Amino acid sequence: MTLRFYDTATASVRDFEPVHPGEARLYYCGATVQGMPHIGHVRSALVFDLLARWLEFRGHRVTTVRNVTDIDDKILANAAASFDPDYTGDHPREPWWALAYRFEQVFNAAYDAIGIARPTYEPRATGHVPEMHALIRALVDAGHAYPAPDGSGDVYFDVRSWARYGELTHQSVDDMQDAPDADPRGKRDPRDFALWKGHKAGEPETARWDSPWGAGRPGWHLECSAMAGKYLGEHFDIHGGGLDLRFPHHENELAQSAAAGQRFANFWLHNGLVTSAGEKMSKSIGNTVSPADMLAAARPLAVRYYLGQAHYRSVLDYRPTSLTEAAAAVERVESFLRHAADSGLDLAWTPADVPAAFQEAMDDDLNVPQALAALHEAVRAGNSALADGGDPSAPARAVRAMTDVLGLTGLMDLGGAGGNAAEHAALDALVRSLLAQREQARAAKDWARADAIRDELAAAGVAVRDGADGAAWSVA
């Protein structure tokens, strides 16, 4: 079966034909590191981790880029609030760049805990200002952008100048909401969005860069276009992100990149949102769930299985029993593999061991629910063979192949017969889940909880070392 994906831009499922034969180039939007991650962030990263794994299985050399937005209005506001004499929140008093870096590490700890592979490149917005200037210059020269006439230093994209504006979300310009990303006084049209934001009085001097239009900082939408173009070229295969990013973020990315003469992404893939008992998660309602909450309630294996089990385009609903049900399902798979390993079976596999039903499901717009049905069917066949004295070799290899492709094996406890690599992978997953909770505690200034986790690890013989790239561990 041909590999096919649903493309938001055409609202259809299309055959995947790589821009560069044998390669697959994927960009997906990462975190704006203003605060703690929520499970929607982790679900999105997991969706594109699964996509990259499947593209690799299908023989493509995959390049993934996940950006970090480390300069933003909310980052500046949260950092400024920590210096307010009346501030009583949990954030420490720190400059904006330190706050951004601290939360970047919290995000990475959450990704690591459930086995989401690090991307090929993870660029930060603040490291790519020259590329952003070049893109703005190209848009101004082409008549699609203009400096604000009010002396603010702002530069805006002129949405009326680009006839294709609205093509991603299939909207008319006249039906769109105003762009809220900058003061509208210098705009020709309230829907024009900021490419460059002039420096304002009271903002940190460290949050400004010189530019031909005045000192300031980049607009959010511009950052992703510049970084995608730098690392993947002007024409690449897939741009992804959460459904909530379609408008205005991805619509504006597409408009400014295309208006600058780029073909940009062949496919736009968007994952569904996460709800709580059927309701949108909201801090005001008090129904939000963090990665740390989930990792405190269940093993990383169950968390990964739960977040990845639904079709990526569907809404994933979290309920009190969700992790218990996910753990029961995936631990049946783990138990079979452990028994197969204890029986001395060779679990080394080749692509031919992956069932056709699994391959057809994954080829069909990454249909993980159907792929999991094939996985569980192979487990049933293997358990029947073990119980009846038959030969479970073929289903065992199939199950191991599928759990490897889905990124589950490294989070499993396959016992001593699983080999040292499996043991270390399981231990690593457990330790990293605790380190993720410790990082959450440190970010919230709950030093007692952070120290308690470190002491718990030390008592188990695990030494923790804090460094610039986060915490590392070793057996003491």
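This one's a predicted model, so the numbers in the text were calculated from it and none came from an experiment.
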Practice problem: Look at the side chain of Ser322 and the backbone N and O of Arg319, then say whether any donor-acceptor pair between them is shorter than 3.5 Å. | Solution: yes

Exercise. Applying side-chain contact (heavy atoms from CB on, under 4.5 Å), run through Leu99 and Arg102 and close with a yes or a no.
Key: CA-CA 5 Å; Leu99 179 144; Arg102 176 166 57 88; 4.2 Å; yes

Self-check item: Side chain proximity check, Met36 to Ser290, heavy atoms < 4.5 angstrom
Solution: no

Quiz item: Less than 4.0 Å between a side-chain N and a carboxylate O, is that true for Arg53 and Asp49?
Solution: yes

Quiz item: When you look at Leu26 and Asp237, which way does the side-chain contact (heavy atoms from CB on, under 4.5 Å) test go after all the steps?
Solution: CA-CA 6 Å; Leu26 163 66; Asp237 297 295; over 6 Å; no

Quiz item: Under 30°, 30 to 60°, or over 60°: which ring-plane class applies to Phe16 and Phe5, parallel, tilted or perpendicular?
Solution: perpendicular

Quiz item: Short question: side chain of Asp451, backbone of Ala448 - any donor-acceptor pair under 3.5 Å?
Solution: no

Self-check item: Inter-residue atom distance Lys74.NZ - Thr32.OG1, 0.5 Å rounding
Solution: 8.0 Å

Quiz prompt | Whether over 12 other heavy atoms sit under 6.0 Å from Glu205 CD | solution = yes

Self-check item: Modelled atom types, side-chain donor and acceptor of Gln440 and Arg449, under 3.5 Å
Solution: no

Quiz item: Can you name the closest pair of heavy atoms from Arg66 and Ala45 and give their distance?
Solution: NH1-CB, 4.3 Å

Quiz item: Do Val333 and Met412 have side-chain heavy atoms sitting under 4.5 Å apart?
Solution: yes

Quiz item: Within a strict 4.5 Å, meaning less than it, do heavy atoms of the Val315 and Leu243 side chains meet?
Solution: no

Self-check item: Step-by-step side-chain contact (heavy atoms from CB on, under 4.5 Å) determination, Thr288 to His38
Solution: CA-CA 8 Å; Thr288 59; His38 55 69; 5.9 Å; no

Quiz prompt | Side chain to side chain, Asn67 and Cys29, heavy atoms closer than 4.5 Å | solution = yes

Quiz item: Heavy atoms, side chains only, cut-off 4.5 Å: are Val303 and Leu323 in contact?
Solution: yes

Quiz item: Atom CG of Asp181 and atom CG of Asn252: how far apart are they, to the nearest 0.5 Å?
Solution: 7.5 Å

Practice problem: Can you establish whether the number of heavy atoms outside Lys200 located under 6.0 Å from its atom NZ is more than 12? | Solution: yes

Quiz prompt | Donor-acceptor contact below 3.5 Å, side chain Ser433 vs main chain Ala113 | solution = no

Quiz prompt | Whether Asp7 side chain and Ala9 backbone form a donor-acceptor pair below 3.5 Å | solution = yes

Quiz item: In terms of side-chain geometry, is the basic nitrogen of Glu377 or Arg380 positioned less than 4.0 Å from the acidic oxygen of its partner?
Solution: yes

Practice problem: If the plane angle is over 60° it's perpendicular, under 30° parallel, otherwise tilted; pick one for Trp54 and Phe57. | Solution: parallel

Quiz item: Mind checking what makes ring-ring contact (aromatic ring centres under 6.0 Å, His included) contact with Trp349, not counting sequence neighbours?
Solution: none

Quiz item: Any side-chain donor-acceptor pair under 3.5 Å between His235 and Asn266?
Solution: yes

Practice problem: Please state whether the rings of His250 and Trp268 are parallel, tilted or perpendicular, taking 30° and 60° as the class boundaries. | Solution: tilted

Exercise. Please state whether the rings of His376 and Tyr305 are parallel, tilted or perpendicular, taking 30° and 60° as the class boundaries.
Key: perpendicular

Quiz item: Any chance CZ of Phe247 has more than 12 other-residue heavy atoms, nucleotides or ligands included, within less than 6.0 Å?
Solution: yes

Practice problem: Taking Thr120 for its side chain and Val65 for its backbone only, find out whether a donor-acceptor pair lies under 3.5 Å. | Solution: no

Self-check item: Full working for side chain to side chain donor-acceptor pair (under 3.5 Å) between His270 and Thr8
Solution: CA-CA 7 Å; His270 291 97; Thr8 301; 2.8 Å; yes

Quiz item: Would you say Asn271 and Phe48 make side-chain contact, with heavy atoms under 4.5 Å?
Solution: yes

Quiz item: Would you find a donor on one side and an acceptor on the other, under 3.5 Å apart, between the side chain of Arg304 and the backbone of Gly115?
Solution: yes

Quiz prompt | Salt-bridge contact Glu334-Arg299 (side-chain N to carboxylate O under 4.0 Å) | solution = yes

Quiz item: What's the spacing between Ile71 CD1 and Lys197 NZ if we round to 0.5 Å?
Solution: 9.5 Å

Self-check item: Heavy-atom pair of closest approach, residues Leu347 and Ala396
Solution: CD2-CB, 3.7 Å

Quiz item: Do Glu104 side-chain atoms and Val33 backbone N/O form a donor-acceptor pair below 3.5 Å?
Solution: no

Self-check item: Among Glu223, Glu203, His199, the one residue meeting side-chain hydrogen bond (donor to acceptor under 3.5 Å, both in side chains) with Arg217
Solution: Glu203

Quiz prompt | Contact summary for Leu295 and Gln437, nearest pair of heavy atoms | solution = O-NE2, 3.6 Å

Quiz item: To the nearest 0.5 Å, what is the distance between CG (Asp72) and OG1 (Thr126)?
Solution: 12.5 Å

Quiz prompt | Criterion side-chain contact (heavy atoms from CB on, under 4.5 Å) on Arg313 and Asp365, from CA distance to verdict | solution = CA-CA 9 Å; Arg313 287 194 283 120; Asp365 195 28; 2.9 Å; yes

Quiz item: About how many Å separate CG of Leu430 and CG of Asp413, when rounded to the nearest 0.5 Å?
Solution: 8.0 Å

Quiz item: Is Arg25 close to Val19 at the side-chain level, that is, under 4.5 Å between some pair of heavy atoms?
Solution: no

Self-check item: Side chains of Asp293 and Ile39 in contact at under 4.5 Å (non-hydrogen atoms)
Solution: no

Quiz item: Do Glu251 side-chain atoms and Leu168 backbone N/O form a donor-acceptor pair below 3.5 Å?
Solution: yes

Exercise. Could you point out which residue of Leu76, Ile75, Asp70 forms a side-chain contact (heavy atoms from CB on, under 4.5 Å) with Gln34?
Key: Ile75

Quiz item: Is the shortest side-chain N to carboxylate O distance from Arg58 to Asp363 below 4.0 Å?
Solution: yes

Practice problem: Mind listing the closest non-hydrogen atom pair of Leu135 and Ser225 along with its distance? | Solution: CD2-CB, 3.7 Å

Exercise. Please report the closest heavy-atom contact between Gly278 and Asp317, naming both atoms and the distance.
Key: N-OD1, 2.7 Å

Quiz prompt | Heavy-atom pair with the smallest gap, counting every atom of Ala374 and Ala357 | solution = CB-CB, 4.2 Å

Quiz item: How many angstroms lie between atom CG of Leu222 and atom OG of Ser257, to the nearest 0.5 angstrom?
Solution: 8.5 Å

Exercise. Could you tell me whether Arg397 and Asp404 have a side-chain N and a carboxylate O separated by less than 4.0 Å?
Key: no

Practice problem: Write out all pairs satisfying ring-ring contact (aromatic ring centres under 6.0 Å, His included) with one or both partners inside residues 310-345, taking only residues at least two apart or from two chains. | Solution: Tyr306-Tyr318

